[in-house]
Amino acid sequence: MRIIRYLNNEKVPVLAAVTNENEVYSLPYRDFMEMIRLAEEKNSTPLQLVEDVITQSIPHDVPYEDLKLLVPIKAQEVWASGVTYEKSRDGRNYESTDGKLDATTFYDKVYEAERPEIFFKSTDKRTVGPEEDVYLRSDSNWQIPEPEVGLVLSKKGEILGFTVGNDMSCRDIEGENPLYLPQAKVWKNSCAIGPAIRLTETVEDPYNLKIICRIYRNQEKQFEGSANTGQMKRRFEELVSYLLKDNTVFDGTVLLTGTCIVPPNEFTLQNGDKIEIEVPGIGKLVSNVKSQVSQPVY
Ligand code: DO4
Ligand code: MG
């Protein structure tokens with residue numbers, strides 16, 4: 001069972017459930033977290049709550065594919081984990097050593113260490129949803145999407161659901177100096193999540209989720225890569241436990257869990273590219289890449 005938000009004909013955001021058969025049922029809750037809280041109050045589960053609504057209603061007459069989807073949750077904060085897959089470690093080693101690796105790096109160490117890398121990625125205002133624009137940084141010449149599975153968390157750290165995320169990244173800025181990480185990761189529209197949240201109770205094996213990334217330029221596919229969460233070095237609960245340590249975590253926080261797909265080293269995103277990140281069973285997150293003119297907002 002997946003939970004989405006879409007814009008109805010009156011331009012009002014509506015929460016809805018999508019079944020495995022892609023039938024859409026509007027839900028009588030303002031947002032994802034209201035549904036979770038209500039399930040808790042009723043001593044029920046989110047899945048049970050949704051199934052009760054479904055048995056008492058009829059599916060939407062507009063097909064899922066035709067809905068104007070919105071970001072599935074307006075997460076106050078998005079955090080991210082890094083170097084949780086070998087592929088990311090190798091990519092970071094390449095960009096930080098100009099491909100001339102001859103010693104142990106920070107990235108080798110964090111891949112092996114007990115403490116994972118966790119960083120602040122985004123806020124609600126910087127995060128976009130399906131079919132929206134992700135922006136390029138004007139001071140970077142080497143930018144890529146990072147396709148990642150995202151965990152939707154309660155403030156207590158329960159994993160309420162799984163979504164798809166894009167941790168847009170500047171390889172040149174991070175490669176120049178790891179202290180530049182916040183600039184390599186955080187800017188306007190540098191994070192996308194969606195199109196849906198798959199309820200945890202309906203995910204059979206979270207360590208067997210396939211992730212596929214495709215990048216198109218002028219309608220032609222420039223890149224396709226795939227990976228599986230089974231390749232991850234760490235456990236989801238382990239990442240969540242470090243995020244929670246001595247921290248205030250808000251209901252509906254999203255934690256991205258690291259990338260395992262890195263386009264070839266000579267590849268950089270361009271204005272007009274289209275990115276598709278698909279996790280079968282959750283959905284396909286489509287983003288349009290746009291250059292932005294660097295304008296300070298006062
Ligand atoms: O150390 C940099 C961050 C790496 C990252 O974002 C990832 O592995 O997904
Ligand atoms: Mg990442």
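Below, each value reflects all heavy atoms present in this structure, side chains not excepted, and no hydrogens, waters or symmetry copies. Start at 1 and go down the list; that is how both ligands and their atoms are numbered.
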Q: Going by atom types alone, do D124 and T127 pair a side-chain donor with an acceptor below 3.5 Å?
A: no

Q: Give a yes or no answer on whether the side chain of E95 reaches the backbone of E174 with a donor-acceptor pair at less than 3.5 Å.
A: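 No; zero donor-acceptor contacts below 3.5 Å.
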
Q: Check ligand 1 against E148 and write out every atom of the ligand that is under 4.0 Å from a heavy-atom position of the residue.
A: 9 (O)

Q: Among protein heavy atoms, which sits nearest to atom 2 (C) of ligand 1, and what does the distance come to when rounded to 0.1 Å?
A: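 Protein heavy atom with the smallest distance to atom 2 (C) of ligand 1: E174 OE2, 2.9 Å.
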
Q: Using side chain to side chain contact (heavy atoms under 4.5 Å, CB included) as the criterion, point out the one residue from L69, V164, L70 that pairs with P130.
A: L69

Q: Below 3.5 Å, N or O to N or O, backbone or side chain included: is there any such pair between V83 and ligand 1?
A: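 Yes, at least one N or O pair falls under 3.5 Å.
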
Q: Go through the steps for Y242 and R234 under the test side chain to side chain contact (heavy atoms under 4.5 Å, CB included), then give the verdict.
A: CA-CA 12 Å; Y242 275 91; R234 302 189 184 261; 5.8 Å; no

Q: Is it true that D167 and K185 make a salt bridge, defined as a side-chain N closer than 4.0 Å to a carboxylate O?
A: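 Yes, this pair counts.
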
Q: For G82, take its heavy atoms, then give the atoms of ligand 1 lying under 4.0 Å from any of them.
A: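 Those atoms are 4 (C), 5 (C), 7 (C), 8 (O).
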
Q: Regarding R92 and the six-membered ring of Y111, is the cationic atom NZ or CZ under 6.0 Å from the ring centre and inside 45° of its axis?
A: no

Q: Does the structure place the NZ or CZ of K121 under 6.0 Å from the centre of the six-membered ring of W187, at an angle of no more than 45° from the ring's axis?
A: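 The answer is yes; both the distance and angle limits are met.
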
Q: With a 4.0 Å cut-off on heavy atoms, is S81 in contact with ligand 1?
A: yes

Q: What are the atoms of ligand 1, with element, lying closer than 4.0 Å to any heavy atom of F119?
A: 3 (C), 6 (O)

Q: Using a plain distance cutoff, I'd like to know if T84 has any nitrogen or oxygen under 3.5 Å from a nitrogen or oxygen of ligand 1.
A: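 N/O-N/O distance below 3.5 Å does not exist for this pair.
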
Q: Any heavy atom of R89 closer to ligand 1 than 4.0 angstrom?
A: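 Flag not set, R89 not near ligand 1.
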
Q: Could you tell me whether a side-chain N or O of S81 sits under 3.5 Å from a main-chain N or O of I118, the two making a donor and an acceptor?
A: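 Looks like no, no N/O pair under 3.5 Å.
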
Q: So which heavy atom in the protein is nearest atom 8 (O) of ligand 1, and how far is it from that ligand atom?
A: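 Looking only at protein heavy atoms, the one closest to atom 8 (O) of ligand 1 is S88 OG, 2.5 Å.
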
Q: Within the 4.0 Å heavy-atom shell around E146, which atoms of ligand 1 are there?
A: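 Listed by number with element: 5 (C), 6 (O), 7 (C), 9 (O).
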
Q: Can you list the atoms of ligand 1 that are under 4.0 Å from a heavy atom of L181?
A: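 Numbered from 1, ligand 1 contributes 2 (C).
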
Q: Got a salt bridge between K210 and E278, using NZ or NE/NH1/NH2 to carboxylate O under 4.0 Å?
A: no

Q: Give the numbers and elements of all ligand 1 atoms closer than 4.0 Å to a heavy atom of G258.
A: 9 (O)

Q: Do R217 and F223 form a cation-pi contact, if we require the NZ or CZ to be under 6.0 Å from the six-membered ring centre and within 45 degrees of the ring's axis?
A: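 Here R217 fails the 6.0 Å and 45° test against F223.
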
Q: Only N/O/S atoms count here: what is the atom of D167 closest to the Mg ion (ligand 2) called?
A: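 That would be atom OD2.
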
Q: Only to 10 degrees, please: what angle do the OE1 atom of E146 and the OE2 atom of E148 make about the Mg ion (ligand 2)?
A: 100°

Q: Please could you name the atoms of ligand 1 that Y107 approaches to less than 4.0 Å, counting only its heavy atoms?
A: 1 (O)

Q: Could an N or O of ligand 1 be found under 3.5 Å from any N or O of D167, whether backbone or side chain?
A: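 Yes, since at least one N or O of D167 sits under 3.5 Å from an N or O of ligand 1.
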
